[in-house]
Amino acid sequence: MEAAAAPAVQKENRFWKGVLAVVGIMTTLVIYGVLQEKIMRVPYGADKEYFKYSLFLVFCNRITTSAVSAGALLASKKALDPVAPVYKYCLISVSNILTTTCQYEALKYVSFPVQTLAKCAKMIPVMVWGTLIMQKRYRGPDYLLAFLVTVGCSFFILYPVASDISPYSKGRENTVWGVSLMMGYLGFDGFTSTFQDKLFRGYNMEIHNQIFYTTLCSCILSLAGLIFQGHLLLAIDFVRRHNDCFFDIVLLSTVATASQFFISYTIRTFGALTFATIMTTRQLVSIMLSCVWFSHPLSWQQWIGAIIVFGSLYAKSFLKSMPQKPSPSEEREIEASKPLKESP
């Protein structure tokens with residue numbers, strides 16, 4: 001009886017772990033998306049001032065994550081020494097700062113729904129960087145999926161509703177600069193994730209170890225950038241004058257840090273496929289929530305683009321979950337490996 005009950009208990013535990021992963025990722029990243037749009041696109045105070053210091057948000061996010069990851073390493077009694085050469089951590093850090101800065105700056109020119117759907121196209125630069133850095137090879141269905149997602153994102157970006165105007169631009173929100181920032185975001189983000197994968201494969205590296213050193217480098221670089229631009233004191237003064245902005249930034253940094261740990265937990269417990277499915281659902285929820293919360297209307301062309309993108313991504317997840325039939329060459333190898341039957 002006890003042996004029969006053990007699988008049921010394990011299945012129930014796995015179910016609740018799955019609930020924790022889904023609720024954690026969906027909650028933290030949806031709140032993160034709404035907060036970043038609120039900070040960058042909604043004015044503060046009676047004078048209707050906009051917060052313009054995106055690098056300050058990067059600094060706050062990274063210093064919070066760095067402190068928490070250092071605490072996690074110390075609590076687990078693991079060494080804080082770097083596993084890989086420090087310059088490799090810094091390379092990820094620089095790329096990550098550029099990624100996040102492009103993301104925040106793009107929100108000045110494109111709405112969050114446009115930005116969120118455009119993120120679905122990150123598989124294209126990931127495939128390019130994977131080929132260049134990891135020498136990976138991709139199959140025909142992978143390129144087809146990338147093409148369909150690109151088409152869907154193009155519909156979403158090229159056909160916005162004319163009434164959805166950026167507060168930083170007098171024209172329609174799909175400005176050349178806004179699209180350029182999104183392309184920069186996709187390129188830098190693809191390099192960051194690919195190089196992180198290369199470090200994990202090349203070194204026996206703890207997740208917290210990589211998070212700590214990359215975010216520590218990001219803290220130093222973003223602080224230097226703020227001082228060089230002369231924005232540090234201006235950002236602090238803005239936050240001092242607008243207490244609601246201060247609380248928004250604190251909450252943004254908190255959920256950004258929490259999301260990192262939920263993501264790591266999900267990948268370690270359930271694998272990358274489950275994580276990708278959760279992230280796809282999160283993007284759809286983020287778009288819908290932003291449209292309702294910030295009154296972003298969607299044109300019928302944008303609805304078609306969203307259906308193409310999410311339909312393609314879910315089709316990919318479904319096909320990957322199905323058992324794959326071995327190719328003819330693999331079947332021949334299996335047959336050759338079988339022992340010959342003795343003749344009677």
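Sequential numbering from 1 along the given sequence is applied to the chain's residues.
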| request: Sort out for me which residue in Asn96, Thr101, Ile63, Leu98 forms a side-chain contact (heavy atoms from CB on, under 4.5 Å) with Val58. | output: Thr101
| Arg241 versus Glu49: any side-chain heavy-atom pair under 4.5 Å? | yes
| task | Assess the side chains of Asn209 and Tyr89: does a donor N or O sit below 3.5 Å from an acceptor N or O? | result | yes
| message | Could you see if Val94 belongs to whatever hydrophobic cluster contains Ile220? Use Ile, Leu, Val, Met, Phe, Trp, Tyr and a side-chain cutoff under 4.5 Å. | response | no
| Taking atom OG of Ser69 and atom CZ of Phe212, what is their separation to the nearest 0.5 Å? | 6.0 Å
| request: Name all residues meeting the side chain to side chain donor-acceptor pair (under 3.5 Å) criterion together with Thr28; count only those two or more places apart in sequence or in a different chain, and write none if there are none. | output: none
| query | Counting N and O atoms only, with roles assigned by atom type, does the side chain of Ser218 sit under 3.5 Å from a partner on the main chain of Ile97, one being a donor and the other an acceptor? | reply | no
| request: Rounded to the nearest 0.5 Å, what's the gap from CZ on Phe262 to CD1 on Ile25? Could you check? | output: 8.5 Å
| field | Heavy-atom side-chain proximity of Ile39 to Tyr44 below 4.5 angstrom | value | yes
| query | In Å and rounded to the nearest 0.5 Å, what is the CE to NZ distance from Met40 to Lys52? | reply | 10.0 Å
| Does Gln36 reach the side chain of Leu57, with side-chain heavy atoms less than 4.5 Å apart? | no
| query | Any side-chain heavy atom of Thr257 sitting closer than 4.5 Å to one from Asn61? | reply | no
| field | Nearest-0.5 Å distance, CG of residue Leu35 to CG of residue Leu252 | value | 5.5 Å
| message | Looking at Phe238, is its backbone amide N or carbonyl O close enough to the side chain of Tyr53 to form a donor-acceptor pair, meaning the two atoms are under 3.5 Å apart? | response | no
| said: Check for me, please, whether Val239 and Phe247 land in the same ILVMFWY cluster - side-chain distances under 4.5 Å, paths through other members count. | reply: yes
| Short question: side chain of Thr65, backbone of Arg62 - any donor-acceptor pair under 3.5 Å? | no
| Can you hop from Leu234 to Leu232 via hydrophobic side chains spaced under 4.5 Å? | yes
| message | Return the CZ to OG distance between Phe59 and Ser66, rounded to the nearest 0.5 Å. | response | 10.0 Å
| said: Could you check whether any side-chain heavy atom of His242 comes within less than 4.5 Å of a side-chain heavy atom of Asp248, counting everything from C-beta outward? | reply: no
| task | Please examine the side chains of Leu91 and Phe195, heavy atoms only from C-beta on, and report whether any two atoms are closer than 4.5 Å. | result | yes
| task | Answer yes or no: is there a side-chain heavy-atom contact under 4.5 Å between Phe191 and Ile92? | result | no
| So Thr215 and Ser93, side-chain contact (heavy atoms from CB on, under 4.5 Å) or not? Walk me through it. | CA-CA 7 Å; Thr215 53; Ser93 175; over 6 Å; no
| So, Ser259 side chain and Ala256 main chain: donor-acceptor pair closer than 3.5 Å or not? | yes
| If we only count heavy atoms from C-beta on, is the Phe51 to Phe56 side-chain gap below 4.5 Å? | yes
| remark: d(His231 NE2, Ser54 OG) to nearest 0.5 Å is 9.0 Å
| said: Closer than 3.5 angstrom, by distance alone: can the side chain of Ser253 be matched with the main-chain N or O of Val250 as a donor-acceptor pair? | reply: no
